[in-house]
Amino acid sequence: MDSRTGKAIRMGRLLRPETGHAVVVAASHGVMSGPPSGLRTRQEIANVFTQLRAADGVMVSPGMIPLVENTFIGRDRPAFVLHLDWKNHARSIYTPGKDGRGEGVLAQLAEIDEVAASGIDAVMTYLYLGQKDTALEQAEIVRNTRIARDCERHGIALIIEPRSALEGVDPDALSAKVMSLYCRIAADLGADLVKALWPGSVEAFGQITDTCYTPILLAGGAGGDDPLSTLQLASDAMQAGAKGVMFGRRVFRAEQPAQVLSALAAVVHDNQSVEQASRLLER
């Protein structure tokens, strides 16, 4: 026996074996930016999580686990994904990097042996690159490399989301050229999945998926008020070579998260058009 078997089993829970694709809900925003709309209170969290059963995976922060662990207990439940990081990049309140306050930093919220003991299938960590202070970039490489090796030892699936530390100031930070570089670094460090931001077009995203041999999940970004735009974004990502989506606000801010999940599954797993999938929103 070895840990590769454990990782294969956990990856099979996250990526649906029939398609090799996944619809993952990221519901861990609070640890970075405070209470998000849709998950502000204990009751809102409970209401949303009752509608996430059909997701291939759901990501939570460590402190949320006692509130929502029943979501993951039993057969035919979502894969259990842990948001491993705290970060202060791009925060709406007291954002580092603005007004001369310096560049953002990150911290790991759990050790991988604790993750394995908790029955968690996968962890997601950020990889911030391009800092003006090269020591910060080096620290991020060292941190992510250590996490990757720890995940290998314990058989935990690893999702890395590479980001530019200069997203807010450099218009090229989300270009296909930069994102291709960052996603490939994430793959070469040992990521099992790479979560990537949308660079603006199917063609640009296709350049990223072409040069990253690790499966890519599209990050959702802002949104959630218009389910059709969410379905269109997912459809564009799949056309560009993504293996699925990892959406947060686009699901948990929706009036009916379960319907949005069903429609996303139709796009991601069943290759339905946006028009076909949108009919599931009306049920």
Side-chain angles (χ1 to χ4, degrees), residues 26 28-29 31-34 59 61-62 82-112 115 122-154 156-200 204-222 246:
S28 54
H29 294 61
V31 73
M32 301 173 297
S33 56
M59 183 168 70
S61 58
L82 183 72
H83 191 133
L84 195 63
D85 292 347
W86 163 87
K87 71 181 181 75
N88 61 359
H89 294 262
R91 194 167 57 194
S92 61
I93 301 173
Y94 298 123
T95 303
K98 291 184 177 179
D99 303 324
R101 284 199 292 268
E103 296 182 276
V105 292
L106 297 92
Q108 187 174 328
L109 302 177
E111 297 300 325
I112 300 302
V115 170
V123 297
M124 193 206 83
T125 178
Y126 292 103
L127 173 64
Y128 269 87
L129 299 170
Q131 294 92 334
K132 296 177 182 178
D133 181 352
T134 56
L136 291 175
E137 184 174 70
Q138 180 188 36
E140 276 292 87
I141 294 294
V142 171
R143 189 178 70 87
N144 275 266
T145 299
R146 178 177 55 80
I147 291 170
R149 302 294 83 78
D150 287 345
C151 284
E152 289 169 357
R153 280 195 298 274
H154 290 280
I156 302 296
L158 174 61
I159 305 167
I160 294 180
E161 180 177 349
R163 301 283 293 265
S164 170
L166 302 178
E167 283 172 20
V169 296
D170 183 358
D172 292 327
L174 294 179
S175 67
K177 182 178 181 179
V178 172
M179 289 300 297
S180 292
L181 167 66
Y182 289 176
C183 288
R184 184 56 179 266
I185 290 174
D188 283 340
L189 290 181
D192 298 296
L193 292 165
V194 173
K195 180 184 176 189
L197 297 175
W198 184 247
F205 199 63
Q207 293 177 42
I208 298 169
T209 61
D210 282 346
T211 55
C212 182
Y213 52 80
T214 295
I216 289 181
L217 302 179
L218 174 67
M246 197 167 181

Indicate the atoms forming the closest heavy-atom contact of [X] with [Y], along with that distance.
X	Y	value
A148	G190	CB-CA, 4.4 Å
V31	S61	CB-CB, 4.2 Å
Q207	S180	O-OG, 3.6 Å
I160	P162	O-CD, 3.4 Å
V105	W86	O-CZ3, 3.8 Å
V178	A173	CG1-O, 3.4 Å

Derivation and outcome, side-chain contact (heavy atoms from CB on, under 4.5 Å), residues N88 and L106: CA-CA 7 Å; N88 61 359; L106 297 92; over 6 Å; no
Contact between M124 and K195 at the side-chain level, heavy atoms closer than 4.5 Å - yes or no? yes
Are I159 and D192 close enough that some pair of their side-chain heavy atoms sits under 4.5 Å apart? no
Qualifying residues under ring pair (Phe, Tyr, Trp, His ring centres under 6.0 Å), relative to H29, sequence neighbours excluded: F252
Using a 3.5 Å distance criterion without hydrogens, assess whether the side chain of [X] forms a donor-acceptor pair with backbone atoms of [Y].
X	Y	answer
D170	D172	yes
R184	T211	yes
H154	I156	no
N144	E140	yes
T209	G206	yes
D85	Q108	no
R143	L127	no

Under the side-chain contact (heavy atoms from CB on, under 4.5 Å) criterion, do Y128 and S164 qualify, and how do the steps go? CA-CA 6 Å; Y128 269 87; S164 170; over 6 Å; no
Straight-line distance of [X] [atom1] to [Y] [atom2], nearest 0.5 Å:
X	Y	atom1	atom2	answer
L129	L181	CG	CG	7.5 Å
L193	L217	CG	CG	5.0 Å
I112	R149	CD1	CZ	12.0 Å
Y182	K177	OH	NZ	11.5 Å

For the residue pair W198 and F205, categorise the inter-ring angle as parallel (less than 30°), tilted (30 to 60°) or perpendicular (more than 60°). tilted
Can V123 and C151 be said to form a side-chain contact (heavy atoms from CB on, under 4.5 Å), step by step? CA-CA 9 Å; V123 297; C151 284; 3.8 Å; yes
Answer yes if the side chains of D188 and Y213 hold a donor-acceptor pair under 3.5 Å, and no otherwise. yes
Listed partners of L174 passing side chain to side chain contact (heavy atoms under 4.5 Å, CB included), at least two apart: E167, M179, L197
For residues 132-139, dump all side-chain donor-acceptor pairs below 3.5 Å to protein atoms at least two apart in sequence or in another chain.
| from | atom 1 | to | atom 2 | distance (Å) |
| --- | --- | --- | --- | --- |
| D133 | OD1 | A135 | N | 3.0 |
| E137 | OE2 | G130 | N | 2.8 |

Let's go through I208 and I216 carefully: what are the C-alpha distance in whole Å and the side-chain angles of both, what is the deciding distance for side-chain contact (heavy atoms from CB on, under 4.5 Å) to 0.1 Å, and is it a yes or a no? CA-CA 9 Å; I208 298 169; I216 289 181; 3.7 Å; yes
